[in-house]
Amino acid sequence: MIGSGKLESLDGLLSDFPRIRVADYQRNYDWEPQNIQDLWTDLKDCADGDYDHFFGSLILQKDSNPADPSAFADLVDGQQRLTTVFVFIARLRDELHRVGFEKETLELRGEEFDLGVEMKRFLGKGSKSFKFTPSQLIQVYFKEISQEPNHAYKNDREAREDAEGRGVPIRSREPDSGRTLSIRSNYHLIKKVIKEDLKEVRKKSDPELVDEQVAYRILRLFDALTQRFKVLPITTENQSESLDVFLTTNDRGLDLGVFDLVRGQILRARTKEDISASTAADIFRESLDEWETISELVGSSKQIDAFLRHLLHLHQDSVQKTEKGNSFVRVTMKKVPGFTDDIISGSSAKARTLWEFILEGANAYNSIISPDSSFCDFPTALRFHALKAQGDSYRILAMKCALQARTMTKQELSRLIQALAVYVFRWNLAQENAQELETELQKLAHYLEEHGAKQTLVELESRSKAISLDVKEKLSAGVSEKWAKALLFLVEADLSSNTSHITDFELEHIAPQSANDDWRKALDLEGAEYSSKVKELGNLTLLDKPLNNSIKRKPFADKKLAYKDAKLEQTKQLLGHKKWTVDEIDARTSLLASQIESILS
């Protein structure tokens, strides 16, 4: 990795990297209008002032043969910003043409500029030699925006609307219109803000010098963007280096991660064979459709990366058979791309098989994160919520259970998840090593595949008993809100007879965290003593989110009216109390500790 720490102008960057393309694992261009407005504000301030503007870092992966004039550097991080910069420059060039100064020489800071020539040099001299190649789905519109302007208007309306031959409609009925909306709408927003800025210049200019003053404003904006917007270029030699930087650097764009790199690996392997450009484009679109499905099933970029890492622990290649028995590969986040590269081995067929494995895994993941009645009963769903609240290592074995759910009855699934919850809770409450837990769950997942649900249940129960833990002693030291929520879900799973799957429960402080006079009087406590008491497990319950939002700091009698409509049994049990004092909190803390001890034993 090369990172000199020296800031470069965007113009200097293009001298070092004459051709840049967005790496194929990057997501689509998707900047929001607010991002455009923020950049425009920074640009105007820079153009109007006498200072440089730091535009963040850019990560570029060098071509394996950089001496080749047709070689590209892959833009690993920074595509949202750099794509937008090139659209801004193209639009400024069009405005320069409108005032007829594209061939004129202008002076700035004592230097002469052939501005039209400089703009052409920055953008590239034609569609086949543009300096920048954006993500695939927006390339048609980017080419339309970047090409030289055409002022042969078809009619007066086009002239009035400044159409300039640009085939970049705001509205579109094309199949990929949703994915090109950002580039189309951002182009028109950029066009609007620049025109409004130049309109103000015209108002303030001598009527005989209007066009010249507009050209000078364009020059100052172009100079600010290309010379005084400074970036920190970080150059990598290969994908492994890119990942090291990529995991910790992402400026003012969309969250990206390991999954994007893996998707790029799979795309590359599937399209490297001798196939037509249209077939490759179809594969790209199909991949994007399926990626969006995975995103809907799994969640944010961070969640998708964690999902992929856990899922790969279930892949057959994560088990290496040796003379001494099975050896299990621990897949850390940084090892993910290398591990998947080994799985694919440059094979298009293996790449497709891996992608199908990921798609199947995403459905399994969704089943355990958002369980419904088609997958499991309500107590099992509550145990999934308990596991989710305490950590994420459990997902390795839970996903395997979901993947094999069709080979077992709902009762077998329920007993397995109950045993999994006991094992994971005992392990973590005993403060055993978290990394070792992942390995143990990986072993159990492969054990499940080989031996089935019944034997795995016996193995889980045996391993749980082997963990030394005094539950009441551990709980007496107090627990965090995260752990309180997890434990209350676990308790509810043993209490509830509810059959409807409701997932939006919040932690309710019966005596509220923020005390008022009524509650201070009820507990007969002040300050730190009050704050400490209301955090105890006995003062906490789970309540449907709408009900929780409606009661806040209300007196206990009023809270009970809401508790009548609660869906969970532990909260309904509070209706048996006439008052809520320190004695009630202490008694309930003791009761819950006994219930949790029984469950985890």
Side-chain angles (χ1 to χ4, degrees), residues 23-27 136 239-240 243 257-298 301 303-321 326-369 395-407 438 441-450 452:
D24 52 13
Y25 48 77
Q26 289 273 3
R27 300 180 193 174
Q136 185 165 348
Q239 195 174 74
S240 177
L243 175 61
V258 172
F259 188 91
D260 298 279
L261 294 174
V262 172
R263 184 167 63 92
Q265 288 176 326
I266 293 171
L267 269 174
R268 207 172 294 123
R270 292 184 63 197
T271 57
K272 77 169 191 173
E273 297 177 350
D274 188 16
I275 59 177
S276 67
S278 61
T279 301
D282 287 342
I283 291 173
F284 186 93
R285 286 187 176 88
E286 178 188 71
S287 166
L288 195 55
D289 284 339
E290 291 169 339
W291 182 89
E292 288 174 352
T293 298
I294 291 169
S295 183
E296 289 171 3
L297 289 168
V298 176
S301 173
Q303 289 171 316
I304 290 174
D305 287 349
F307 147 73
L308 179 62
R309 189 179 74 80
H310 288 135
L311 179 67
L312 290 174
H313 284 88
L314 305 181
H315 194 274
Q316 60 186 15
D317 285 13
S318 72
V319 183
Q320 299 172 351
K321 298 186 182 296
N326 290 339
S327 172
F328 294 86
V329 177
R330 183 170 179 273
V331 187
T332 63
M333 199 67 82
K334 287 189 177 182
K335 287 182 180 178
V336 167
F339 183 62
T340 54
D341 207 31
D342 290 341
I343 293 172
I344 294 168
S345 301
S347 165
S348 176
K350 288 181 178 179
R352 180 63 204 176
T353 299
L354 175 60
W355 189 242
E356 289 170 353
F357 174 70
I358 293 171
L359 284 167
E360 186 181 10
N363 281 286
Y365 181 90
N366 183 258
S367 295
I368 67 172
I369 297 300
R395 295 170 188 171
I396 294 172
L397 182 52
M399 273 197 288
K400 189 63 178 179
C401 291
L403 287 166
Q404 294 200 196
R406 56 181 173 272
T407 67
E438 284 199 352
L441 292 171
Q442 182 185 17
K443 291 176 181 177
L444 285 163
H446 289 280
Y447 187 92
L448 173 61
E449 184 167 4
E450 290 183 18

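In what follows, every heavy atom counts, from backbone to side chain, and hydrogens, waters and symmetry copies are set aside. Source: prediction; values computed, not measured.
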Ignoring hydrogens and geometry, is there a side-chain-to-backbone donor-acceptor pair from [X] to [Y] under 3.5 Å?
X      : Y      : value
Thr353 : Ala349 : yes
Gln442 : Val329 : yes
His313 : Ser318 : no
Glu360 : Leu403 : no

Check whether any side-chain heavy atom of [X] sits under 4.5 Å from a side-chain heavy atom of [Y], and report yes or no.
X      : Y      : value
Trp291 : Ile304 : yes
Phe339 : Val336 : no
Ile343 : Lys350 : no

Look up atom [atom1] in [X] and atom [atom2] in [Y], then write down how far apart they are to the nearest 0.5 Å.
X      : Y      : atom1 : atom2 : value
Phe357 : Gln316 : CZ    : CD    : 8.5 Å
Ile266 : Ile344 : CD1   : CD1   : 5.0 Å
Arg270 : Arg352 : CZ    : CZ    : 4.5 Å
Leu448 : Leu441 : CG    : CG    : 12.0 Å

Practice task
Could you go through the salt bridge (charged side-chain N to carboxylate O under 4.0 Å, His left out) check for Glu290 and Arg263 one step at a time?
Solution key: CA-CA 11 Å; Glu290 291 169 339; Arg263 184 167 63 92; over 6 Å; no
Testing the basics here: between [X] and [Y], what is the closest heavy-atom pair and its distance to 0.1 Å?
X      : Y      : value
Phe307 : Ile294 : CE2-CG2, 4.4 Å
Arg330 : Lys335 : O-CD, 3.7 Å
His315 : Leu354 : CD2-CD1, 4.2 Å
Tyr365 : Leu297 : CD2-O, 4.3 Å
Arg309 : Met333 : CD-N, 3.5 Å
Ile396 : Ala445 : O-CB, 4.3 Å

Handout entry: is_close_aromatic(Phe328, His446), centroid dist under 6.0 Å
Key = yes
Exercise for the section: Test side chain to side chain contact (heavy atoms under 4.5 Å, CB included) on Phe259 and Val298 and set out the steps. Expected result: CA-CA 12 Å; Phe259 188 91; Val298 176; over 6 Å; no
